Participant: 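What follows is a structure written as C-alpha cells; I'll ask about it next.
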Amino acid sequence: MPIAEVALDWFERNARDLPWRVPGVGAWPILVSEVMLQQTPVSRVLPVWTDWVRRWPTPAHLAADTAADAIRAWGRLGYPRRAMRLHACAAAIVERHDGEVPSRLEQLLALPGIGDYTARAVAAFAYGQRHPVVDVNVRRLAARAVSGAAEPGPATTPADLALVEGLLPAEPAVAARVSAAYMELGAVICTARNQNCADCPLTSSCAWLAAGRPASTGPSRRPQGYAGTDRQVRGLIMAELRGSSEPVPGDRIAVLWHLPEQRDRALASLLADGLVTRSGRDRFALAGETRQDSVMNTARLGD
DNA sequence: GACCCGTGGAC
DNA sequence: TGTCCAAGGGT
C-alpha cells in the first residue's frame, strides 16, 4: 500500500482536533495559523490564534488597526517581527487582492512574512491545491521513512520538494490532506527527540527502521543559545513596551539590562526593524502606537 | 549558506 | 540545570 494511503488512513483516525483544520475555516484564519506556527508549538498558538481571528476575522479588519495592536495581541508568542509582518501582510492583501487571500503560489510568496513553506501550506490547506508542503516535520519523516537517514538535512532543498511531490496522490484535495497527515506524523510520532515506532503506521515500509535505525551521520547543528543574547534584551524591551499604553521613557528601558552598549544596540535594532518607534526626545513605543506613526504608515501605504 | 530573530516546555 | 526543540522567514 502506498505511503500516502497509509498516512491518510492513520490521519483520519488520529488527527489532533485543531480549530484551523475545521472544515469551512477561511483562508485568512489558516494563513494566520501558519504564521503563528512558525517555530512555535501548537499549544502556545491555540489561545492567541483564537483571540486574533475573533478580533480580526478578515485582512481588512487587521489592516484597519495599528501594527501596535497586532504586536500587543501577539503577546509572548515570540519573534514579534511575525506580528508586524502579518499586519503588513493584511494591508498588502487589501491593496493588491481586494481583501481576499490570494490562491496562487507566486502571489502568496510576494506577501510579507510568507515564505516557501507558508505559501505552499496556504495554497494546499486553504485552497486544496496540489503542492508539496515541506516543513521540518515532513523532511524528517521523508529522511527516515524514505531515505533511511536519522535526521533531515539542515535546510529544505529542491530535492526535498521533488521527493515529497512524489509521495503525493494525484487528486489535489487528497494531496493536501496527505500533506497534513505527513506533518502530523512528523509532529506527533516521528519526532526529533523520539521515534514512537510502536505507534507508527509506516513501520512496514520504513527505510530507517529496515536499516536498523542507524545514528545520524551529519554534523550536529550548533545550539541556539539565548541567555545573554541581543534577542533576550530585545525581548525584555518589547515586553516593557507591550505592557505600557503610554510611550516609555528611556530611563525605564535603561534599567532592563545591565550592559548599556548591548541595551542600546538592542533598542536600535528594534527601531531599525520597525517594531519600535521613538516619540518625542526620549520616549519609545510599539510601532504604530502613536498618531504620528499612523500618519506615516498611511503615507507609506499610499505611495 | 550563515546568521539573526523570542519564548517556554520537556527531559 | 542546561540543553534541545518548536508548522520558518529575511537578509
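Residue numbering restarts at 1 for every chain, and letters A, B, ... go by the order of the sequence lines. Note that the structure is a prediction, hence the values are computed from the model and not measured.
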Participant: Quiz question: by atom type and distance under 3.5 Å, do the side chains of A/Tyr117 and A/Gln38 form a donor-acceptor pair?
Facilitator: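 No, no side-chain donor-acceptor contact under 3.5 Å.
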Participant: Among side-chain atoms of A/Asp135 and A/Asn137, is any donor-acceptor pair under 3.5 angstrom?
Facilitator: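 Yes - a donor-acceptor pair under 3.5 Å links their side chains.
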Participant: So what does A/Ala121 hit on the nucleic acid, given a heavy-atom distance under 4.0 Å: a base, only sugar-phosphate, or nothing?
Facilitator: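 No contact.
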Participant: Once you apply a heavy-atom cut-off of 4.0 Å, does A/Arg140 come out as touching a base, just sugar-phosphate, or nothing?
Facilitator: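 Sugar-phosphate, backbone atoms only, no base.
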Participant: Nearest of B/dG6, C/dA7, C/dG10 to any side-chain atom of A/Arg82?
Facilitator: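 That would be B/dG6.
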Participant: Which nucleotide in the list B/dG6, C/dA7, C/dA6 gets nearest to the side chain of A/Pro41?
Facilitator: C/dA6
Participant: Okay, side chain of A/Arg234, backbone of A/Ala266: is any donor-acceptor separation there less than 3.5 Å?
Facilitator: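 Not a single qualifying donor-acceptor pair exists.
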Participant: Hey, does the side chain of A/Arg72 reach the backbone of A/Leu241 with a donor-acceptor pair shorter than 3.5 angstrom?
Facilitator: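 Between the backbone of A/Leu241 and the side chain of A/Arg72 there is a qualifying donor-acceptor contact (under 3.5 Å).
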Participant: By the 4.0 Å heavy-atom rule, please label A/Asp116 as base, sugar-phosphate, or nothing.
Facilitator: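 It contacts sugar-phosphate atoms only.
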Participant: Check whether any side-chain nitrogen or oxygen of A/Arg76 sits under 4.0 Å from OP1 or OP2 of B/dG8, and answer yes or no.
Facilitator: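 Affirmative; the distance criterion is met.
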Participant: Are A/Trp52 and A/Trp74 an aromatic pair by the rule of ring centers under 6.0 Å?
Facilitator: yes
Participant: Identify whether the distance between the nearest side-chain nitrogen and carboxylate oxygen of A/Glu165 and A/Arg130 falls below 4.0 Å.
Facilitator: yes
Participant: When you measure from the side-chain N and O atoms of A/Tyr226 to the phosphate of B/dT7, is any distance below 4.0 Å, counting only OP1 and OP2?
Facilitator: yes
Participant: Identify whether any heavy atom of A/Leu270 sits under 4.0 Å from a base atom; if not, whether one sits that close to sugar-phosphate; answer base, sugar-phosphate or nothing.
Facilitator: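 Nothing: the residue A/Leu270, judged by heavy atoms under 4.0 Å, touches no strand.
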Participant: Return whichever of A/Gly113 or A/Arg231 has its heavy-atom-nearest nucleotide of DNA chain C closer to the 5' end.
Facilitator: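 Result of the comparison: A/Arg231.
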Participant: With a 4.0 Å cut-off on heavy atoms, is A/Gly78 in touch with a base, just the backbone sugar-phosphate, or nothing at all?
Facilitator: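 Contact class for A/Gly78: base.
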Participant: Hey, which sits more toward the 5' end of DNA chain C by its nearest nucleotide, A/Glu34 or A/Leu109?
Facilitator: A/Glu34
Participant: Please produce a list of atom pairs where a protein N or O lies less than 3.5 Å from an N or O of nucleotides 9-11 of chain B.
Facilitator:
{"residue": "B/dG9", "atom": "N2", "partner": "A/Arg193", "partner atom": "NH2", "Å": "3.2"}

Participant: Using a heavy-atom cut-off of 4.0 Å across all strands, would you classify A/Pro80 as base, sugar-phosphate, or nothing?
Facilitator: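 Since only primed, P, OP1 and OP2 atoms lie under 4.0 Å of A/Pro80, the category is sugar-phosphate.
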Participant: Between A/Thr118 and C/dG9, is there a side-chain N or O to OP1/OP2 distance below 4.0 Å?
Facilitator: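 Yes, within the criterion.
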Participant: For residues 173-190 of chain A, please give each side-chain donor-acceptor pair under 3.5 Å, one per line with the distance, not counting sequence neighbours.
Facilitator:
{"residue": "A/Arg177", "atom": "NE", "partner": "A/Glu12", "partner atom": "OE2", "Å": "3.0"}
{"residue": "A/Arg177", "atom": "NH2", "partner": "A/Glu12", "partner atom": "OE1", "Å": "3.0"}
{"residue": "A/Ser179", "atom": "OG", "partner": "A/Ala175", "partner atom": "O", "Å": "3.3"}
{"residue": "A/Tyr182", "atom": "OH", "partner": "A/Leu167", "partner atom": "O", "Å": "2.7"}
{"residue": "A/Glu184", "atom": "OE1", "partner": "A/Arg16", "partner atom": "NE", "Å": "3.4"}
{"residue": "A/Glu184", "atom": "OE1", "partner": "A/Arg16", "partner atom": "NH2", "Å": "2.9"}
{"residue": "A/Glu184", "atom": "OE1", "partner": "A/Arg21", "partner atom": "NH2", "Å": "2.5"}
{"residue": "A/Glu184", "atom": "OE2", "partner": "A/Arg16", "partner atom": "N", "Å": "2.9"}
{"residue": "A/Glu184", "atom": "OE2", "partner": "A/Arg16", "partner atom": "NE", "Å": "2.9"}

Participant: From the options C/dC5, B/dC5, C/dG8, select the nucleotide whose nearest atom is closest to the side chain of A/Gln38.
Facilitator: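 Out of C/dC5, B/dC5, C/dG8, the nucleotide with an atom closest to A/Gln38's side chain is C/dG8.
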